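Report on the following structure.
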There are 2 protein chains.
Amino acid sequence: MKERKVSEAVIRRLPRYYRQLELLNGKGVDRISSSELAQQMGLNPSQVRQDLNCFGGFGQQGYGYPVQNLHKEIANILGLTRSYKLVIAGAGNIGQALCKYEGFAQKGFEVIALFDINEALIGQTIAGRPILHVDQMSGFIRENSVDIGIISARRRSAQQIADTMVEAGIRAIWNFVPVDVTVSVPIENIQLSDSMFVLSYRLNAQE
Amino acid sequence: MKERKVSEAVIRRLPRYYRQLELLNGKGVDRISSSELAQQMGLNPSQVRQDLNCFGGFGQQGYGYPVQNLHKEIANILGLTRSYKLVIAGAGNIGQALCKYEGFAQKGFEVIALFDINEALIGQTIAGRPILHVDQMSGFIRENSVDIGIISARRRSAQQIADTMVEAGIRAIWNFVPVDVTVSVPIENIQLSDSMFVLSYRLNAQE
DNA sequence: TAGATTGTTAATCGATTAACAATC
DNA sequence: TAGATTGTTAATCGATTAACAATC
């Protein structure tokens, strides 16, 4: 295995490999060649081999890749062999839905609290997790060693929430607010309206 | 203006330009140079000019770009000058949250109904929109000339729902299910777990 | 007019694809 | 061993950045 820089594009494909291998593993397939895998995922066989070789020589000449092992290796690369504590800032629609989303807890991403400024919400619980006042967030993050902060608040408070989270020691941010937030920790943006606009662009471009 | 192929990367930047220009317009800024805009958005000035020139010569030498006009032009390119009818297949957590999300209606994306197979949900309304049985979806899409279908159902039914939607004449699909759905119309995927996995990768890669 | 900044062509950089020797 | 398929280097392709003439 040679050290090489892992590009953004490769990183974005990792979860897709992970999903496909999970599927194959579930079907009881125990080996797969780069060309089969590429075909199933709409990629190029060379690309699959290049991608995987960024992390190690998981295959075997003349045989292909062992599905179960590769699945585990990618889980490990993605950091899915440990668990994470999450908090959600903004207990509105999106915040509540994310809290209830079962897919995360299954993979070790556990929401432990929500925060809001709306007095009507504070004190309630969502799927068993309490909604607390934002003023308590900083202390809570510190005391509970929270790993990831989800921002699903109002547009104008997003940056400030991010700053508070980072200052309190959070290690990554998942931002649902359509605003470019600047922070010193890794951040992933889910900008729903951006995606919707791309869709309407495509819909109209088709004609 | 020369005809040139608009790449995926350019399309993904369009909503960001749109957002930034909206912000500037709101602040009463009436002109901006490619270098200022680039700096605000973390891009390269050349890139900004190249991107915009895919669609027209909106700028003026020695002056820059007129903010309000450019904002309108991009709205038009993105297809935001008309409205769209949407339906949601899968009225669980995510489906309901999307239905309640106010950002869309403001931009002309109107959810008119939700569909589910859960009898306990059917007959309820979410933010004033009815939850109907999936069996009625095909007819409903046809009768109401629905433009966009949102899929927020169970993993195993995603492909079938997509097929039904396309067959009924839907023109674009917004998919929230972590499965690679194959369709003949434009599709945008929001794969929450993929994004979360990229985040956990980055969190661990930092160390 | 002179200065500024675009539109556009050319150069660079990085990612994808092809080719093939290594090897299971 | 022979066939298959990887790992890896080389070639191609496309996107980003630089440069500069055109022009407001």
Side-chain angles (χ1 to χ4, degrees), chain A residues 1-17 20-21 24 29-74 77 198 201 205, chain B residues 1-17 20-21 24 29-74 77 198 201 205:
Chain A
M1 171 190 165
K2 269 250 194 78
E3 278 271 329
R4 56 186 82 182
K5 214 209 139 216
V6 183
S7 75
E8 176 69 19
V10 174
I11 295 168
R12 299 250 155 234
R13 280 192 291 272
L14 286 175
R16 296 184 54 208
Y17 289 120
Q20 190 64 26
L21 289 161
L24 290 165
V29 178
D30 39 56
R31 73 184 179 103
I32 192 154
S33 67
S34 58
S35 32
E36 281 180 273
L37 187 57
Q39 211 213 342
Q40 291 171 15
M41 296 177 62
L43 302 173
N44 177 293
S46 282
Q47 187 169 45
V48 170
R49 296 200 295 277
Q50 291 269 33
D51 285 357
L52 298 177
N53 267 71
C54 290
F55 304 99
F58 303 123
Q60 197 172 318
Q61 280 99 330
Y63 176 85
Y65 296 87
V67 171
Q68 190 165 36
N69 178 253
L70 186 57
H71 180 248
K72 270 187 202 156
E73 291 282 4
I74 295 180
I77 293 162
V198 168
Y201 170 82
Chain B
M1 172 193 167
K2 271 251 193 77
E3 277 271 328
R4 56 185 82 183
K5 215 209 138 217
V6 182
S7 75
E8 174 69 18
V10 174
I11 295 168
R12 299 250 155 236
R13 279 192 292 271
L14 286 175
R16 295 184 56 208
Y17 288 119
Q20 190 64 27
L21 289 161
L24 289 165
V29 178
D30 37 57
R31 72 184 181 103
I32 191 154
S33 67
S34 58
S35 33
E36 280 179 274
L37 189 56
Q39 210 212 341
Q40 291 172 15
M41 296 177 62
L43 302 174
N44 177 293
S46 282
Q47 187 170 47
V48 169
R49 297 200 295 277
Q50 291 269 33
D51 285 356
L52 298 177
N53 268 72
C54 290
F55 304 98
F58 304 123
Q60 197 172 314
Q61 281 98 332
Y63 177 84
Y65 296 87
V67 171
Q68 189 165 36
N69 178 254
L70 186 56
H71 179 249
K72 270 187 202 155
E73 291 281 4
I74 294 180
I77 291 162
V198 168
Y201 170 82

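Residue numbers start from 1 in every chain, and the chains themselves are labelled A, B, ... in the order their sequence lines are given, proteins ahead of strands. In this text, all values refer to a predicted model and were calculated from it rather than measured experimentally.
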Please report the closest heavy-atom contact between B:Phe58 and B:Ile77, naming both atoms and the distance.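 Taking B:Phe58 first and B:Ile77 second, the nearest heavy atoms are CZ-CD1, 4.1 Å.
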
Identify the heavy atoms of A:Asp30 and A:Tyr63 that sit nearest to each other, and give their distance.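 In this case the closest contact between A:Asp30 and A:Tyr63 is O-OH, 4.2 Å.
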
Without decimals, in angstroms, what is the distance between [X] [atom1] and [N] [atom2]?
X	N	atom1	atom2	value
A:Glu8	D:dA15	CD	P	16 Å
A:Phe58	D:dT6	CZ	P	14 Å
B:Asp51	D:dT17	CG	C1'	12 Å
B:Phe55	C:dT6	CZ	C1'	18 Å
B:Leu43	D:dT16	CG	P	9 Å
A:Leu52	D:dG7	CG	P	8 Å
A:Asn53	C:dA15	CG	C1'	16 Å

For atom CD of B:Gln39, is the number of surrounding heavy atoms from other residues, nucleotides or ligands below 6.0 Å larger than 12?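 Result for CD/B:Gln39: open.
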
Residue A:Gln47 excluded, over 12 heavy atoms near CD under 6.0 Å: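 Correct, the count exceeds 12.
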
Side-chain N or O of [X] versus OP1/OP2 of [N]: is the shortest distance under 4.0 Å?
X	N	answer
A:Asn44	C:dA18	yes
B:Gln61	D:dA22	no
B:Arg13	D:dT16	yes
B:Gln60	D:dC24	no
A:Tyr65	D:dG7	yes
B:Ser33	C:dT5	no
A:Arg49	D:dT6	yes

Which part of the nucleic acid does B:Ser35 contact within heavy-atom distance under 4.0 Å: base, sugar-phosphate only, or nothing?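 If one applies the 4.0 Å heavy-atom cut-off, B:Ser35 turns out to touch nothing in the nucleic acid.
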
So which nucleotide does D:dT12 pair with, by the Watson-Crick or G-U wobble rule with both distances under 3.5 Å?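 Across all strands, the one nucleotide that pairs with D:dT12 is C:dA15.
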
Using Watson-Crick or G-U wobble geometry with both distances below 3.5 Å, tell me the partner of D:dT23, or none.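 Pairing partner, where one exists within any strand: C:dA4.
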
hbond_proxy A:Gln50 side chain to D:dT9 base (donor-acceptor, 3.5 Å cutoff):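 When only heavy-atom distances are counted, A:Gln50 does reach the base of D:dT9 through a donor-acceptor pair under 3.5 Å.
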
Starting from the 5' end of DNA chain C, give me the residue, A:Tyr63 or A:Gln47, whose nearest nucleotide shows up first.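 Looking at the nearest nucleotide for each, A:Gln47 comes out on the 5' side.
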
For DNA chain C, whose closest nucleotide is more 5', that of B:Arg31 or that of B:Ser46?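 Per heavy-atom nearest nucleotide, the more 5' residue is B:Arg31.
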
Would you say the side-chain atoms of A:Arg16 pair up with the backbone N or O of A:Met41, donor to acceptor, closer than 3.5 Å?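 A pair under 3.5 Å: yes.
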
